[in-house]
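No experiment lies behind these values; they were computed from the predicted model shown. All values below were derived from every heavy atom in this structure, side-chain atoms included, with hydrogens, water molecules and symmetry-related copies excluded.
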Amino acid sequence: MNTLKIDSDQLSILAEVLLGAAYADADYDGREAEVITEILSDLVKDGQLPEEVEMKLTSFDEGTFDVEGACETLHFNASQRHAVFGLLARVVEADDVHDLSESMYITRVAKALGAKPQEYSEYVVEFIEVTPPPLPN
């Protein structure tokens with residue numbers, strides 16, 4: 001059960017944001033497509049996606065998509081942002097891999113939505129650079 005309540009314009013933008021997550025690891029596959037369609041269908045009353053959303057799903061171009069520009073138009077509160085981060089996590093985990101590029105994408109979305117790090121930290125993995133000790137002579 002999804003608690004995110006959005007209008008049809010926001011649904012179209014969310015479709016693109018979710019697609020961006022699916023393409024973040026440069027390996028968009030059918031499982032991610034299924035999850036995105038399921039998520040979006042759950043957000044509409046009758047489960048039928050509006051034609052404009054269907055068009056976004058088929059015509060999405062990850063090379064020209066402006067994630068920051070899209071997110072700036074959403075104006076979500078903290079609760080809505082939290083729901084979006086959960087949806088993004090479902091998309092990136094659909095292929096059973098959550099890599100650094102996907103975490104970086106979620107971070108970009110979060111920052112564009114105006115979220116604080118504690119709002120999205122549970123949905124991202126961090127790269128920790130470890131310097132190995134010097135080798136013995």
Can any side-chain N or O of T37 pair as donor or acceptor with the backbone N or O of E34 at less than 3.5 Å?
no
Are L11 and E52 side-chain neighbours, meaning at least one heavy-atom pair lies under 4.5 Å?
no
Which heavy-atom pair separates A21 from Y105 by the least distance, and what is that distance?
N-CE2, 3.3 Å
Paired with V35, the side chain to side chain contact (heavy atoms under 4.5 Å, CB included) test is passed by just one of V91, L40, L87, namely V91
Can you check whether H82 and Y123 have ring centres sitting under 6.0 Å from each other?
yes
With a 4.5 Å heavy-atom cut-off, do Y120 and V109 have their side chains touching?
no
Hphob cluster co-occupancy, M55 + I36, side-chain heavy atoms under 4.5 angstrom:
no
Correct closest heavy-atom pair for A70 and V17 would be CB-CG2, 4.4 Å
Ring centres under 6.0 angstrom apart (F60, Y23)
yes
Atom of S101, atom of A24 and distance for their closest heavy-atom approach
OG-O, 3.2 Å
Residue pairs passing the salt bridge (charged side-chain N to carboxylate O under 4.0 Å, His left out) test with at least one member in residues 111-125, sequence neighbours excluded, are R81-E119
In this structure, CZ of R31 is separated from CG of D96 (nearest 0.5 Å) by 5.5 Å
Other residues, nucleotides, ligands: >12 heavy atoms within 6.0 Å of Q118 CD:
yes
Could you tell me whether the side chain of Q80 reaches within less than 4.5 Å of the side chain of H75, counting heavy atoms only?
no
Does any part of the side chain of Q10, heavy atoms only, come nearer than 4.5 Å to the side chain of F76, both counted from C-beta?
yes
With the side chain counted from C-beta on, respond yes when L19 and F65 share a heavy-atom pair under 4.5 Å apart, and no when they do not.
no
From OG (S41) to CG (D46), nearest 0.5 Å:
9.0 Å
Taking the side chain as everything from C-beta on, heavy atoms only, tell me whether D95 gets closer than 4.5 Å to E102.
yes
Rounded to the nearest 0.5 Å, how far apart are CD of E54 and OG of S12?
10.5 Å
Mind listing the closest non-hydrogen atom pair of A15 and K56 along with its distance?
CB-CB, 4.5 Å
Knowing that exactly one of V53, D9, L4 qualifies, which makes a side chain to side chain contact (heavy atoms under 4.5 Å, CB included) with L14?
L4
Under a 3.5 Å distance rule, please check whether E32 uses its side chain to pair with a backbone N or O of D29 as donor and acceptor.
yes
Please tell me if the side chains of V92 and D25 come closer than 4.5 Å, counting only heavy atoms from C-beta onward.
no
Atom pair CD1/OG1 of I13 and T73 - distance to nearest 0.5 Å
3.0 Å
